[in-house]
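First listed ligand is number 1; within each ligand, the first listed atom is number 1.
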Amino acid sequence: MRLLIRIMRVDASLHMIMMETPSFAMKSLHAKSITNRPSPSTRIVLSSCSSRSYYSACCGERALRCCKQYCTGAAVAALKPLPSDMLQAKLRGFSSSRIVRVPDDRISSSCSKSVRGCSDSSTVASNDTSSQDKRHDDANLEFQEGKRQILLRPDGAAAEDDDERRLFTVRENVGGGAIHVIMGPMFAGKTTSLLQRVQDARNAGRKVGLVKSNKDTRYGVSAVVSHDGIKFPCVAVSNLAAFRAHVGEAQYKELEVIGIDEAQFFEDLFEFCQSAADVDRKTLIVAGLDGDFLRRRFGSLLDLIPLADSVTKLRACCELCGEPAAFTFRKTVDTETEIIGGADVYMPVCRHHFVSGQIAVETARNVLHVHQASRTSEGADADTNAVSLSSF
Ligand SMILES: Nc1ncnc2c1ncn2[C@@H]1O[C@H](COP(=O)(O)OP(=O)(O)O)[C@@H](O)[C@H]1O
Ligand SMILES: Cc1cn([C@H]2C[C@H](O)[C@@H](COP(=O)(O)O)O2)c(=O)[nH]c1=O
């Protein structure tokens, strides 16, 4: 995996550091891991790159070291694109003199180009020189070499001062409670996204708890694991009241963020989330299936939507054509709603293939039914014959 860091000169005293990795899921993790200890003179760049050319930008020890080495008087920070309310929350407490607004077009015109090397940075850096470009290339290399360390750092360094806390904490609703729903078919990246948000919150110094249903033990009981193998320790329980009992009241009170995976399996999902967000003021990140293999509502995840602050429906890639897949197709003939399984039992499909798949399944069922019926009636005839023969 490549990790590219790019330095763009915004004005004489401000450079912006941006990083890009090919994996959307890991970007925030990378950014948070190296985003620590902004200096008191740190200035904050507000930008809103389009999500297509999604960039995480950061200010960190490594980044600042890199800046000192390669740029003049740089004090840098930039935030990845965030909804404005989150941005406002992040920036609370910073004096306005430290906040610099960079016009979106200056950022995105540059972002939309290839990031390999930094020659395209000149669209932003008005007086960049070729030697600076060379230094930028060196900076890229430096960070590429360091990427493994960055990736594996478990939870980033703890925030050391209030400024830092304010800058990187995802307290979009501090003390107010919040519910964020992540839903979609299987393989859509729900768990990956949940783990990313949980990790972000933990890196920001928030007390985080993670819980999943103990019905799904495919990858073990004490960790939430994505289909790609990304793991995070968790409590596995049959219902959410049991989670609270398991962690104990004192520890539950301490929790600021609670991640819930496989939410469709929790019968008390609605009650727990309502009370945890409204009464206990927790931030809940809830990931689960919105629909089952027949596209019927699954559990009570959908009931949370009127209570939610945000709802994200993710899609996978259709296993049959590669188009975006919003539905889960069950490959077996089982008809119960709950059948634990992975790619052996399920595949994500697009609308077209869901519908044609259901037609195929229905046809197969009908054929089977007719076949069974004719065998039964043959059997019945045989029985009748047997009876009539024996009666003679
Ligand atoms: N058909 C597919 N479409 C998208 N991702 C897939 C598909 N099959 C396997 N995957 C893998 O599944 C990962 C998502 O896993 P995960 O976050 O556990 O999803 P979910 O929790 O929604 O089931 C993707 O990053 C990808 O590597
Ligand atoms: C569609 C569907 C799924 N399930 C099960 C199968 C898996 O164990 C989980 C979903 O896991 P993921 O993290 O979203 O990949 O739910 C089920 O029981 N019934 C269904 O209809």
>> Using only atom types and a distance under 3.5 Å, with no angle test, would you say the side chain of K212 pairs donor to acceptor with the backbone of I260?
In response: no

> Looking only at protein heavy atoms, which one is nearest to atom 8 (N) of ligand 1, and how far off is it?
Replying inline: E319 OE2, 3.6 Å

>> If the cut-off is 4.0 Å to any non-hydrogen atom of M186, which atoms of ligand 1 fall inside it?
In response: 23 (O)

> Can you tell me if K215 has a non-hydrogen atom under 4.0 Å from ligand 2?
Replying inline: no

> Are any side-chain N or O atoms of N239 and backbone N or O atoms of E267, one a donor and one an acceptor, separated by less than 3.5 Å?
Replying inline: no

>> With the threshold set at under 4.0 angstrom, would you say E336 reaches ligand 2 through any of its heavy atoms?
In response: no

> In the protein, what heavy atom is nearest to atom 19 (N) of ligand 2, and what distance, to one decimal place, separates them?
Replying inline: T337 O, 2.6 Å

>> Using a 4.0 Å cut-off to any heavy atom of A316, which atoms of ligand 1 qualify?
In response: 3 (N), 4 (C)

> Can you tell me which residue and heavy atom of the protein come closest to atom 21 (O) of ligand 1, and the distance to 0.1 Å?
Replying inline: T191 OG1, 2.7 Å

>> So that I can tick it off, tell me whether K313 and D290 are bridged by a salt bridge, with the cut-off set at under 4.0 angstrom between side-chain N and carboxylate O.
In response: yes

>> Keeping T328 on the side-chain end and M186 on the backbone end, is there a donor-acceptor pair under 3.5 Å?
In response: yes

>> For atom 15 (O) of ligand 2, what is the closest protein heavy atom, and at what distance to 0.1 Å?
In response: H227 NE2, 2.8 Å

> How far is atom 3 (N) of ligand 1 from its nearest protein heavy atom, and which residue and atom name does that atom have?
Replying inline: C317 N, 2.9 Å

>> Looking only at protein heavy atoms, which one is nearest to atom 4 (C) of ligand 1, and what is the separation?
In response: F187 O, 3.2 Å

> atom 13 (O) of ligand 2: which of M183, M186, E262 has the nearest heavy atom?
Replying inline: E262

>> Considering non-hydrogen atoms of the protein only, which is the closest contact for atom 11 (C) of ligand 1, and what is the distance?
In response: D228 OD1, 3.7 Å

>> Closer than 4.0 Å to some heavy atom of P185 - which atoms of ligand 1 meet that?
In response: 22 (O)

> Using the ring of each side chain (for Trp, its six-membered ring), is F327 parallel, tilted or perpendicular to F354, with breaks at 30° and 60°?
Replying inline: tilted

> Just heavy atoms, cut-off under 4.0 Å: does I340 contact ligand 2 by side chain, backbone, both, or neither?
Replying inline: both

> Got an N/O contact under 3.5 Å between T328 and ligand 2?
Replying inline: no

> Which protein heavy atom lies closest to atom 5 (C) of ligand 2, and at what distance to 0.1 Å?
Replying inline: I339 O, 3.5 Å

> Does any N or O in the side chain of D200 come within less than 3.5 Å of the main-chain N or O of V198, such that one atom is a donor and the other an acceptor?
Replying inline: no

> Does a donor on one side chain and an acceptor on the other come within less than 3.5 Å for S238 and N214?
Replying inline: no

> Under 4.5 Å between any side-chain heavy atoms of Y252 and K282, yes or no?
Replying inline: yes

> So is there a nitrogen or oxygen of F293 less than 3.5 Å from a nitrogen or oxygen in ligand 2?
Replying inline: yes

>> I'd like to know if E256 pairs up with R281 as an ion pair, taking the criterion as any Lys NZ or Arg NE/NH1/NH2 lying under 4.0 Å from an Asp or Glu carboxylate oxygen.
In response: no

> Can you tell me if K207 uses its side chain to pair, donor with acceptor, with the backbone of R202 under 3.5 Å?
Replying inline: no

> Quick one: does ligand 2 sit under 4.0 Å from the side chain of L289, the backbone, both or neither, non-hydrogen atoms only?
Replying inline: side chain

> How far is atom 14 (O) of ligand 2 from its nearest protein heavy atom, and which residue and atom name does that atom have?
Replying inline: K190 NZ, 3.0 Å

>> Tell me the protein heavy atom at minimum distance from atom 7 (C) of ligand 2, and give that distance in Å.
In response: G341 O, 3.3 Å

> Quick one: does R330's side chain have a donor or acceptor within less than 3.5 Å of a partner on D334's backbone?
Replying inline: yes

> Where is the nearest protein heavy atom to atom 17 (O) of ligand 1: which residue, which atom, and how far?
Replying inline: T192 OG1, 2.4 Å

